[in-house]
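Note on naming: letters A, B, ... go to the chains in the order of the sequence lines (proteins, then strands), and numbering restarts at 1 for each one.
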2 protein chains.
Amino acid sequence: MSTERSRPTQADVARTAGVSQATVSMALNAGPEAMGRLTEETRQRILAAVEETGYWGNLAAKQLAGGRTSVLGVFTYEPVFPHAASDFYYPFLQGIEAEALGHDVDLLLFTSSHNSRSGAGGEGLRDWARRGRLHLADGCILFGRHSQRRDLAELLAHDYPFVFVGRREADGAEVPYVGADYEQATVEIVEHLADLGHQRIALALEFPEHESGVDRRRGFDRAIQETGAVPLILDGTVEHTGALLDDMLGTGTTAIAATPDIAATLRLDALRRGLSIPADLSIARLGDPEKPDGSTVGWSGFSIPRHEMGTGAVQMLLRHLQSPARPGETQVLLRCEVRASSTTGPAPGSKASAAARSRHPRSVLGTTQENTR
Amino acid sequence: MSTERSRPTQADVARTAGVSQATVSMALNAGPEAMGRLTEETRQRILAAVEETGYWGNLAAKQLAGGRTSVLGVFTYEPVFPHAASDFYYPFLQGIEAEALGHDVDLLLFTSSHNSRSGAGGEGLRDWARRGRLHLADGCILFGRHSQRRDLAELLAHDYPFVFVGRREADGAEVPYVGADYEQATVEIVEHLADLGHQRIALALEFPEHESGVDRRRGFDRAIQETGAVPLILDGTVEHTGALLDDMLGTGTTAIAATPDIAATLRLDALRRGLSIPADLSIARLGDPEKPDGSTVGWSGFSIPRHEMGTGAVQMLLRHLQSPARPGETQVLLRCEVRASSTTGPAPGSKASAAARSRHPRSVLGTTQENTR
DNA sequence: CTGAAAGCGCTTACAG
DNA sequence: CTGAAAGCGCTTACAG
């Protein structure tokens with residue numbers, strides 16, 4: 001309960017403790033190693049003085065003098081505030097938080113909502129960057145689908161420490177990230193379908209241009225090569241799943257791998273047309289749904305280790321903060337949990353046996369492990 | 001695209017622009033008033049140098065030297081991250097954001113979720129405060145139901161600028177807030193019921209101890225005095241609305257004012273018992289529901305000016321930041337929109353006319369205006 | 001084991 | 001109209 005006008009400083013504490021200001025600094029930041037450099041008695045005296053004066057510390061000064069703030073920023077290209085789509089992002093945040101808590105660092109949310117609304121008035125990340133406000137935090141965790149390449153490039157050029165949750169690219173630079181291995185997961189899904197006897201397999205991606213779409217596409221192509229199945233690339237929009245169905249049926253395609261929202265509406269469309277799943281058509285879901293649809297369908301597909309991506313990103317960031325990132329150690333892909341369930345089955349007319357499923361035991365078990373690319 | 005190892009400083013900019021460091025500072029912070037103190041030509045030269053060097057500014061230094069960061073903090077005692085209850089809080093945040101955007105200040109979210117989970121590891125606001133991290137922002141907007149009095153007292157004692165969204169009390173100190181006038185709104189609701197001929201009126205509050213409950217209770221008591229109705233104070237829990245109904249029916253009470261969640265379940269209970277609303281029972285809702293129940297019921301009751309509370313709080317905070325708050329100007333209550341709809345009607349057996357409703361024309365119009373207490 | 005001193009990158013009077 | 005200087009509150013070598 002200080003009655004002074006302005007906040008007490010270390011000098012104030014030092015005065016009432018009868019030591020020098022530098023000693024106060026020592027006592028306050030004493031890591032285990034420096035601990036022995038102070039008498040326990042003076043340390044206690046100083047702590048008492050801290051209480052007495054109501055000293056709080058001045059982060060700005062601390063930071064300026066070269067110390068860390070122990071604050072990590074979180075910037076999201078998606079609206080963080082409650083919102084339909086945000087259920088998808090919640091697990092990421094939980095992971096980030098849990099990990100931060102474990103390391104005793106605080107989290108600061110840089111709000112980007114200017115960005116996600118109308119676009120008026122703000123440019124999101126770049127705004128924060130340009131004004132130097134990003135440096136309120138030692139480094140930053142980024143996530144969200146609508147990231148901008150030039151943002152990342154700018155951050156990289158300025159040597160600002162950050163880690164993206166999800167694989168991202170920037171022009172001519174190595175973006176640090178902790179992502180999910182969509183490519184491998186998609187490979188396994190397509191192989192699973194081929195094993196079930198499907199000869200013609202379709203792919204529908206909601207965001208084919210996006211990194212997450214590119215990865216799935218790459219996995220699809222690879223698996224098609226390996227399995228010798230006939231591919232059908234569909235122009236994927238959630239709105240026109242009817243057209244997708246027509247295309248598939250017209251070409252004799254009996255299985256499809258699709259991003260979650262497309263898969264869900266496609267399934268409903270198919271059922272509405274009297275098709276039965278998986279007897280007439282197998283559908284596999286390439287990821288977790290953005291918006292939980294409350295369905296209890298036993299989807300075949302893979303799920304994204306969102307929590308682990310969050311914790312992993314924080315770990316990587318803290319690591320980079322301690323010692324500069326070495327190239328090749330900045331990009332990590334986590335394994336997705338792949339599972340076969342009730343929306344995929346043997347191709348119509350084929351006699352794929354139960355044994356077919358045993359080809360990828362690992363994927364069905366869904367172990368999560370790191371993969372450095 | 002600087003290739004230097006560390007971030008460029010004003011000194012670097014000054015060197016390449018051929019001016020002094022202080023001049024760079026001037027040029028960069030030139031408010032309209034100081035604008036005339038620089039040649040347009042040198043200003044341009046400096047801005048060019050800023051681009052060239054990739055200067056970003058150092059907020060810590062800026063703050064330490066006495067300048068503002070132009071960053072406002074937002075601390076919420078509720079989970080900000082997507083959550084059932086958060087729909088209730090969204091409008092507050094929208095208001096806060098909109099206003100901040102208008103004043104060109106950025107918003108920082110101090111995450112408090114440590115707090116809302118298990119309580120392990122963190123104490124929320126006090127954590128931020130003690131480590132001095134609150135000062136990353138010039139001041140702070142607070143909200144959420146689970147605020148701690150001692151937190152506010154501590155902030156006040158340290159002269160940290162903040163404004164609470166919602167009326168809050170602290171021991172022996174004047175907490176700055178922009179709240180909603182629950183007392184007046186409740187008065188109007190009860191008067192409305194009395195006007196409809198109800199002689200016995202019940203009150204059920206979910207959080208009677210909380211400031212928001214105390215205010216409603218005060219309004220209820222006042223209106224009971226004025227109208228001469230017989231009060232019935234019910235022990236309000238959402239879980240036992242059945243018991244509430246019994247109490248009411250047993251005492252011949254024909255109308256009730258209740259906080260939103262109680263009102264909603266009470267209504268369902270009543271309907272289930274074959275009661276008709278409002279013919280047998282009038283129910284008025286004292287506020288907005290925390291969790292939208294998706295009902296399309298035309299509730300009689302009042303709604304909380306959440307968006308305006310958000311904008312008002314930011315305005316007050318910015319005002320206090322410019323010039324220290326004068327006592328008496330720190331507590332504002334906004335008017336709630338009161339409306340009579342289909343869950344309230346004439347008391348059974350009474351002959352209250354339509355004219356009864358005209359007694360409080362203002363409240364029915366629901367104008368929002370400030371009220372300094 | 002503790003203190004005196006330099007310096008972090010700014011802003012803000014104060015000189016010229 | 002621009003520059004030199006002090007100072008914000010810390011941390012971190014460097015002396016004693």
Item to complete: Hunt down the Watson-Crick or G-U wobble partner of C:dA4, both distances under 3.5 Å, from any strand shown, or write none.
Response: none

Discussion item. Any side-chain N or O of A:S20 below 4.0 angstrom from OP1/OP2 of C:dG3?
Written reply: yes

Discussion item. Before we go on, tell me: are the rings of B:H320 and B:F162 under 6.0 Å apart, centre to centre?
Written reply: no

Practice prompt. With the side chain counted from C-beta on, respond yes when B:I96 and B:F143 share a heavy-atom pair under 4.5 Å apart, and no when they do not.
Written response: yes

Worksheet entry | Under-4.0 Å salt bridge between B:E154 and B:R150 | no

Fill in: Closest-nucleotide 5' rank along DNA chain C - winner of B:A22 and B:A60
B:A60

Discussion item. I want to check something: taking the side chain as every heavy atom from C-beta on, are A:L72 and A:L318 in contact at a cut-off of under 4.5 Å?
Written reply: yes

Discussion item. Is B:T42 close enough to D:dT2 that one of its side-chain N or O atoms is under 4.0 Å from OP1 or OP2 there?
Written reply: yes

Item to complete: Please figure out whether A:T23 or B:G57 has its closest DNA chain C nucleotide nearer the 5' end.
Response: A:T23

Worksheet item: Closer than 4.0 Å, any side-chain N/O of A:Q10 to the OP1 or OP2 of D:dT11?
Response: yes

Item to complete: Tell me the partner of C:dA13, counting only Watson-Crick (N1-N3 plus N6-O4 or O6-N4) or G-U wobble (N1-O2 and O6-N3) with both under 3.5 Å; none if nothing fits.
Response: none

Item to complete: Please check the phosphate of C:dC10 (OP1 and OP2 only) for any side-chain N or O of B:S25 closer than 4.0 Å.
Response: no

